[in-house]
Amino acid sequence: MDIDAYSDYFVCSGCGHETPSDVFCTFCSRCHEPFTLESRSPARVFHWNKKGLFKRFGEFLPLDMMEPSADLGTGGTPLVPLTAVADKYGLPPLYAKMESAEPTGSFKDRGTAVAVQKALDLGIPAIGTVSTGNMAASTAAYGARAGLKTVVLVKEDTSEDKIKAAGIFGASMVRVRGDYGALFRKSLELGRKHGIWFMNSVDPFRIEGYKTLSFEIYDDLSEKPPEYVCVPVSAGGHLTGLIKGFEVLKRTGLTEAFPRMIGVQAAGCSPIVQAFRGGESHITRFNHPKTIAHAISNPDPPAGRLILKKMREHGGEMTAVTDAQILQAQRDLASLEGIFCQPASATTLAGWIRFTQSHPVDRSSQCVLVITGSGLKTVDLVDSNALFIKDSDLNELDSLFMDI
Ligand SMILES: Cc1ncc(COP(=O)(O)O)c(C=O)c1O
Ligand SMILES: [Zn+2]
């Protein structure tokens, strides 16, 4: 097949095999590594002064047409300075990119928004995903908005709240017994058979959407990338997209700089950190994952090898943080900055503190923490013993105010 006929095509991140893009075949049949999307399109331009993800960055997205009514207002999230947290820990200028402010409360929306546009573009009537949380709600919401039939496969022990949060959008939810990794692979196989595009965590079109976060960070910081970006890593799709975004900025000549990417995992499930530190080029499955940061506890990350390669190529760093450090960071962000994020997202602050304790960091270096998801989705994980909660009768309230 003549791949030159296609402006966008897949390249295998493992063996380099090139093939026309196919949303139903997103892993290489030769080496089983994920494909990434590359483009032959000539020069493209950013439209910084326009509003909305698609108008601003549309030329960098793999779409022949766009259906604005199918979007929910993706992107354009705030970048806020974290002065109080920086003061407490003696850190250089620190910012939070608030992906928790996306339409369904997580960064997943950037990827889903682009993939759903592609589904409409290709006339695919049904989409799906395998997820226990953020990606399920995101896919179900955008699927509903676009009028696509949506299937969400979850683990059998997924909490009723998480099922409701995605099911409310009208998606068909299926609780599946069995191994989660096997379910991921099975979903792709069944999707191919039944014409349902399973836009899972490392889908190449999803990753294209994540690129736009890097574009926005560059723009938010007055057209310059920060020196450091901290991001939680699980399957590896999000970080792959962020790296791609900064590569694009460099390639288009907008900047010479490339931020030092710091990928953070929970110590209780850190297969990529272990492989990175051990100098390995492949991932060993992490046995018995146990962490409060459920959203990032993938023991066998499908883009793990790709992350190892890309992080080494760009001088990135991988670090792991304990649940105690994660919970402290979550409380700091909430009580000092007014930002309530998920434990998975709080790993960024915990990871950055850890990194600065063991590496020299210039006092003028800027660091952006990607706050990937809203804490409102994981209220059940907050330890109320660590909060200031008292009970009082109405007529004793006055005396209680002495101690507040
Ligand atoms: C809140 C949150 N942060 C970070 C991640 C990690 O993203 P990825 O799996 O693409 O590495 C996830 C994944 O589900 C997540 O839900
Ligand atoms: Zn391959």
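Every number for a ligand or one of its atoms is a count from 1 in the order of the listing.
Ligand 1 has at least one atom lying under 4.0 Å from a heavy atom of Phe107.
Within a 6.0 Å radius of NZ in Lys55, no more than 12 heavy atoms belonging to other residues, nucleotides or ligands are found. Under a cut-off of 6.0 angstrom, the local environment of NZ in Lys149 is sparse, with at most 12 non-hydrogen atoms contributed by other residues, nucleotides or ligands.
When rounded to 10 degrees, the angle formed at the Zn ion (ligand 2) by SG (Cys15) and SG (Cys31) equals 120°.
In this structure, Glu256 does not pair ionically with Lys250, as no charged nitrogen and carboxylate oxygen lie closer than 4.0 Å. Under a 4.0 Å N-O distance rule, the pair Lys290/Asp323 does not qualify as a salt bridge. A salt bridge is defined here as a Lys NZ or Arg NE, NH1 or NH2 lying under 4.0 Å from an Asp or Glu carboxylate O, and Glu313 with Lys310 meets this definition.
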Next item on the list: Show the numbers, then the answer: is there a salt bridge (charged side-chain N to carboxylate O under 4.0 Å, His left out) between Glu216 and Arg110?
Entry: CA-CA 12 Å; Glu216 281 185 22; Arg110 287 182 195 266; 2.9 Å; yes
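Considering only non-hydrogen protein atoms, atom 16 (O) of ligand 1 sits nearest to Asn134 ND2, 2.7 Å. From the protein, the heavy atom lying nearest to atom 5 (C) of ligand 1 is Ile296 CG2, 3.5 Å. Among all non-hydrogen protein atoms, the one lying nearest atom 9 (O) of ligand 1 is Ala235 N, 2.9 Å.
Nearest-residue assignment for atom 11 (O) of ligand 1 (options Ser345, Gly236, Gly241; heavy-atom criterion): Gly236.
Below 3.5 Å of separation, one finds an N or O of His238 facing an N or O of ligand 1. Where the criterion is an N or O separation shorter than 3.5 Å, residue side chain and backbone included, Thr372 meets it with respect to ligand 1. Between Ala295 and ligand 1, an N or O atom pair is found at a separation short of 3.5 Å.
Residue Lys108 touches ligand 1 through its side chain alone, judged by heavy-atom distances below 4.0 Å.
In summary, an N, O or S atom of Cys12 is located under 2.8 Å from the Zn ion (ligand 2).
Residue Gly237 has at least one heavy-atom neighbour below 4.0 Å for each of these atoms of ligand 1: 8 (P), 10 (O), 11 (O). Within ligand 1, the atoms closer than 4.0 Å to a non-hydrogen atom of Gln342 are 1 (C), numbered from 1 in the order shown.
Relative to the six-membered ring of Tyr9, Arg40 meets both conditions, a distance below 6.0 Å and an angle of at most 45° to the axis.
Between the side chain of Gln265 and the backbone N or O of Val233 there is at least one donor-acceptor pair closer than 3.5 Å. For Glu317 (side chain) and Arg260 (main-chain N/O), no donor-acceptor pair under 3.5 Å exists by modelled atom type.
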